[in-house]
Amino acid sequence: MRAASEHVPPVRARRTIAAQVTLPGRPPALAWPQEGQAAVEVEGVGSLGTFGDQTPVPIASVAKMMTAYLTLREHPLSAGQSGFVITVNAVQAAEEHVRAAEGQSVVPVRAGERLSERQALQALMLPSANNVAAMLAVHDAGSTDAFVAQMNAQARALDMRSTTYTDPSGFLDTTLSTASDQLKLVRAAMSISTFTQIVDTSAARLPVAGVVHNYDDLVGAEGYVGVKTGSDRAAGGCLAFAKRVTVDGHRFMVLGVVLGQRDGELIEAALAASHQLGNSAAAALGTRTAMSAGTRVLTLTAADGQHAAARTSRPLQVLGWPGLRVPVTVAIHHAGVSVDAGQQLARVQIKGASTAAVASSSLAKPSFGWRLNHLF
């Protein structure tokens, strides 16, 4: 017959804490625009939500973000590199004048001019040159139609389900998207350091055009680093923006998109709305207590039916804002047939902050009598 001490089942640990917890307090009142639509998030922390109906609308030159993003994915640039070279031909030089006559945003070019990849991207993203957008498209894909197909394929890859590109510059009002879709692209594009460097530039020098300036007047002030302006009658004033913030020694990036601003001059309206939204989002970010010390994490059950709990040994504090839902990870350790009070039974983690879950009381090994009655 087996000894009564053998084969006692171990203490069972059952998770009782939810998969997510909500940071306490009243959610922040963001400075959303009064019209159009918007979306904002803190990179690596979470979404602060959206404003307005997220239905597809014209986005004007904000579309050039995708042109730059695709170019840098296909032709990566390291710091100090110039990249490929586009030699402007006679047709492209003549096209600049045609586009300018139509009221499009262009930079002067000349047949025989040589534009490096970096210079072309500066022309695209700072003074928003439609003619250079077409040059980059043809250089990359052989034709604008082929490049537009790539733009739409990449939009699908980024889960931008409400986005349709019909041209590489956004001049056509059939190029449609939403603020929430464009925010996905901002997040992806800003992960490319060269993209960030280019949009965080107030001015650049081009071979023929000379010094060109960034239409985004927020760049260089209060942590703003771009990203792309857009404006026309169909789209109104639009801006994709990024703002660096430091909280408790940690650096973050507020990312946002504002579309359809029409109160005054279009670009100025978009800049003003984005400035207010970006600042209010940055102000919402702070250190919050996500879980108090003594929070029940596990229910412990011994083989003989005794119960105890495992609770957090200290509070967990994370960066966020009231109302933010954050995931809770619990790594449960193996338990024996008994548990001592204070014994560590799990590790609880929320966004990089972690603490132990310890037994709040002891669970003794089942009695000798119980073991005799449960021999098998």
Side-chain angles (χ1 to χ4, degrees), residues 28-41 48-66 68 102-106 124-130 133 162-163 167 169-183 185-186 189-190 199-203 212-245 253-284:
L30 297 185
W32 293 110
Q34 299 299 305
E35 60 182 338
Q37 56 180 267
V40 66
E41 68 177 38
L48 280 151
T50 62
F51 167 82
D53 292 333
Q54 298 296 305
T55 54
V57 293
I59 59 172
S61 289
V62 170
K64 294 184 174 83
M65 284 197 302
M66 181 62 87
E102 294 175 343
Q104 296 192 40
S105 176
V106 299
L124 178 78
M125 298 300 286
L126 275 60
S128 201
N130 288 9
S162 298
T163 297
D167 70 311
S169 68
F171 176 69
L172 298 179
D173 60 16
T174 48
T175 286
L176 306 173
S177 189
T178 63
S180 54
D181 263 14
Q182 288 300 303
L183 185 55
L185 177 56
V186 173
M190 291 296 284
V199 300
D200 191 20
T201 305
S202 297
V212 295
H213 296 276
N214 197 334
Y215 285 161
D216 186 349
D217 289 340
L218 295 180
V219 171
E222 301 177 41
Y224 285 92
V225 294
V227 176
K228 187 69 191 78
T229 60
S231 66
D232 61 26
R233 183 178 300 174
C238 307
L239 184 70
F241 67 86
K243 173 183 171 69
R244 292 190 181 101
V245 295
M253 192 84 81
V254 176
L255 306 177
V257 176
V258 169
L259 304 177
Q261 302 305 295
R262 303 177 187 277
D263 184 13
E265 295 293 326
L266 298 182
I267 290 182
E268 285 72 13
L271 290 169
S274 298
H275 184 231
Q276 293 175 2
L277 178 58
N279 285 358
S280 68

Side chains of [X] and [Y]: is there a donor and an acceptor less than 3.5 Å apart?
{"X": "K228", "Y": "S128", "value": "yes"}
{"X": "D167", "Y": "T175", "value": "yes"}
{"X": "D181", "Y": "T163", "value": "yes"}
{"X": "Y224", "Y": "N279", "value": "yes"}
{"X": "T178", "Y": "S162", "value": "no"}

Within a strict 4.5 Å, meaning less than it, do heavy atoms of the V225 and M190 side chains meet?
yes

Side-chain heavy atoms of V57 within contact of L259, under 4.5 Å
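The answer is yes, as the side chains (C-beta and beyond) meet within the 4.5 Å cut-off.
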
Taking E41 for its side chain and L255 for its backbone only, find out whether a donor-acceptor pair lies under 3.5 Å.
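No: the side chain of E41 does not pair with the backbone of L255.
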
Between the side chain of E35 and the main-chain N/O of Q261, is any donor-acceptor distance below 3.5 Å?
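The answer is no, because no donor-acceptor pair under 3.5 Å joins these two groups.
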
To the nearest 0.5 Å, what is the distance between CG on L124 and OG on S61?
8.5 Å

What's the shortest heavy-atom distance between G230 and A60, and which atoms?
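Smallest interatomic distance, heavy atoms only, reads C-CB, 3.9 Å.
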
Does the plane of the ring in W32 sit parallel, tilted or perpendicular to the ring in F51? Use 30° and 60° as the thresholds.
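W32 vs F51 ring planes: parallel.
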
